Visitor: 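First the structure, which I've put down as structure tokens, then a few questions once you've had a look.
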Amino acid sequence: MAQLIFPKDFLWGAATASYQIEGGAADDGKGESIWDRFSHIPGKVTNGDTGDVACDHYHRYREDVRLMKELGLKGYRFSISWPRVFPNGRGAVNPQGIDFYNRLVDELLANGIEPAVTLYHWDLPQALQENGGWGNRAIVDDFAAYAAYLFDVLGDRVKKWITHNEPWVVAFAGHFQGRHAPGLTDLPLAVQVTHHLILSHAKAVQAYRASKHGDGQIGITLNLYPSVPASDSESDRAAATLVDGHNNRWFLDPVLKGEYPADILRLYQERLNSPVIEPGDMECIAASPMDFLGINYYFQKVVKHSEVHPILQFEEIKPEGSEYTAMNWEITPQGLTDLLVRLDRDYHHPDLYITENGAAFKDDRRDGGVVDDQDRLKFLQQHFAAAHRALEAGVKLKGYYVWSLMDNFEWAHGYGKRFGLIYIDYQTLERTWKKSALWYREVIRDNGL
Ligand SMILES: OC[C@@H]1[C@@H](O)[C@H](O)[C@@H](O)c2[nH]c(CCc3ccccc3)c[n+]21
């Protein structure tokens, strides 16, 4: 019998993203995405892996929904490939593309699984990138039009919408660090991209409110981290505050309070002359309240002062004696409790969902026909318990989507990093249960652990 019981109707789910699982990268009229382009550039992705085939979910979605049903999932979070629906990003729709998502949604509903759709999970149409992509303010209207079309076609059945997955990663990994598509390294541009992403989120929220199926819920998903100073020195505490501003408050404040945090805005505008904010932008952002906030939590950050960068004067450290995942991410379940309690303390926030939490491990052990991933089972156990502590502290947490339903294309790391509850053999595309999935099935059945 479960000791930690979750609220009635707590939404237990799992999450994926289009470029990471679908494959069919050029099938049935799909246009090229910036990740199709980026992953094919030699040296960008480990082993030269690409999303050309991935898990072949585009063709195997019925089998995958059957697996979700066997898992007992209440909800499934997935993203739509913008270029599969609009091959050129705008203009003509690809009928076979939207047909795939219609069939997927119908299959989920037929199996009693609630779909939660992410509009943008990093796979921008390459045609829009040729036009400046997220660095060109015109993208705001392109995104709003793309969103409005999907609300119109799928909104009668899809009642949970997420505008963006992790605008921080889109902006800084893609436009400053260069490790994600489109592979740029321009800090002022990255900051301008954050503004265009947040503005496009607001426009999409307004489009949802105006749509004929606008009776569901819409929000955004942010990757958030507690930011802990490496020591109690003034310089390390200042570095932790800077990371909290750069990673968390720069996104939380506009979407929850309608304004950028003053400390970070001043730093960016004085040192980077970015972002350019046009008259009316902040009013538009402030006038677009969400129904929920999605949180992607993986680890907390321990931060020290550093001169390694003239503006972003911080460096993360890896504490000794901690456990780490195959991504070399420290395992810090208490950080999830701390993050949720902090959000509750510092923001008037709508419902909260964990839209991603999970871990990569080697997954090289078998026990009969099942992958013996005790390390992932323990990771989830610890983090579910951490979420329960936040619930006991009064936090309005409504659901939890495990990352990920299945092993998939882990961006610049390719297929070598496995996050799935279900194991994928990339030679045969065979799906194999892991012990963590069998255990998760019982957590969902008992609504607790
Ligand atoms: O890295 C695991 C997952 C990705 O597969 C998801 O697509 C993405 O939403 C996601 N975000 C994070 C946390 C932030 C992060 C992103 C990329 C690389 C490292 C950390 C971890 N993950």
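Small disclaimer: the values here were computed from a predicted structure and weren't measured. Note that ligands are numbered from 1 as they come in the structure, with each ligand's atoms numbered from 1 the same way.
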Visitor: Measure W329 to ligand 1 on non-hydrogen atoms and call it side chain, backbone, both or neither using the 4.0 Å cut-off.
Guide: side chain
Visitor: List the closest protein heavy-atom neighbour of atom 17 (C) of ligand 1: residue, atom name, distance to the nearest 0.1 Å.
Guide: H180 CE1, 3.9 Å
Visitor: Checking salt bridge (Lys or Arg N to Asp or Glu O under 4.0 Å) between K434 and each of D367, D364, D407, D373, which is the one that passes?
Guide: D407
Visitor: As an exercise, identify every atom of ligand 1 less than 4.0 angstrom from a heavy atom of V169.
Guide: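 In order of numbering, the contacting atoms are 16 (C).
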Visitor: Near N165, which atoms of ligand 1 are under 4.0 Å from a heavy atom of that residue?
Guide: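 Answer, ordered by atom number: 9 (O).
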Visitor: May I ask you to check if R84 and Y58 form a cation-pi contact, with NZ or CZ under 6.0 angstrom from the six-membered ring centre and within 45° of the axis?
Guide: yes
Visitor: Which ligand 1 atoms are under 4.0 Å away from a heavy-atom of N296?
Guide: 9 (O)
Visitor: Compute the shortest N/O to N/O distance between Q20 and ligand 1 and return yes if it is under 3.5 Å, no if not.
Guide: yes
Visitor: Between H121 and ligand 1, is there a nitrogen or oxygen pair with a distance under 3.5 Å?
Guide: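 N/O-N/O distance below 3.5 Å exists for this pair.
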Visitor: Under a 4.5 Å cut-off applied to non-hydrogen side-chain atoms, are W134 and F143 in contact?
Guide: yes
Visitor: Considering only protein heavy atoms, which is closest to atom 3 (C) of ligand 1, and at what distance to one decimal place?
Guide: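 The closest heavy atom on the protein side is Y298 OH, 3.5 Å.
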Visitor: Among all protein heavy atoms, pick the one closest to atom 6 (C) of ligand 1 and tell me residue, atom and distance.
Guide: E356 OE1, 3.6 Å
Visitor: side-chain hydrogen bond (donor to acceptor under 3.5 Å, both in side chains) between N136 and H196: does it pass, once the steps are laid out?
Guide: CA-CA 8 Å; N136 178 345; H196 291 160; over 6 Å; no
Visitor: I'd like the name of whichever of M327, R179, Q177, H413 reaches closest to atom 18 (C) of ligand 1 through any heavy atom.
Guide: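 Nearest heavy atom to atom 18 (C) of ligand 1 lies in R179.
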Visitor: Using the rule given for side-chain hydrogen bond (donor to acceptor under 3.5 Å, both in side chains), can you reason through H59 versus D27, listing the C-alpha separation, both sets of side-chain angles and the distance that settles it, and then say yes or no?
Guide: CA-CA 10 Å; H59 298 107; D27 286 18; 3.2 Å; yes
Visitor: Determine, using ring centers only, whether W403 and Y297 are less than 6.0 Å apart.
Guide: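 Distance test on ring centres: not under 6.0 Å, no.
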Visitor: Which one of Y225, W411, W168 has a non-hydrogen atom at the shortest distance from atom 15 (C) of ligand 1?
Guide: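 Considering heavy atoms of Y225, W411, W168, the nearest to atom 15 (C) of ligand 1 sits in Y225.
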Visitor: Parallel, tilted or perpendicular: which one describes the rings of W411 and F409, with boundaries at 30° and 60°?
Guide: perpendicular
Visitor: Taking non-hydrogen atoms only, is E410 closer than 4.0 angstrom to ligand 1 via side chain, backbone, both or neither?
Guide: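 The side chain, only.
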Visitor: What orientation do W82 and Y120 show, parallel under 30°, tilted 30 to 60°, or perpendicular over 60°?
Guide: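 The rings of W82 and Y120 stand perpendicular, inter-plane angle above 60°.
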Visitor: Indicate yes or no: does an N/O atom of W122 lie under 3.5 Å from an N/O atom of ligand 1?
Guide: no
Visitor: Atom CG in D49, atom CD in E410: separation rounded to 0.5 Å?
Guide: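 Separation between the atoms: 11.5 Å.
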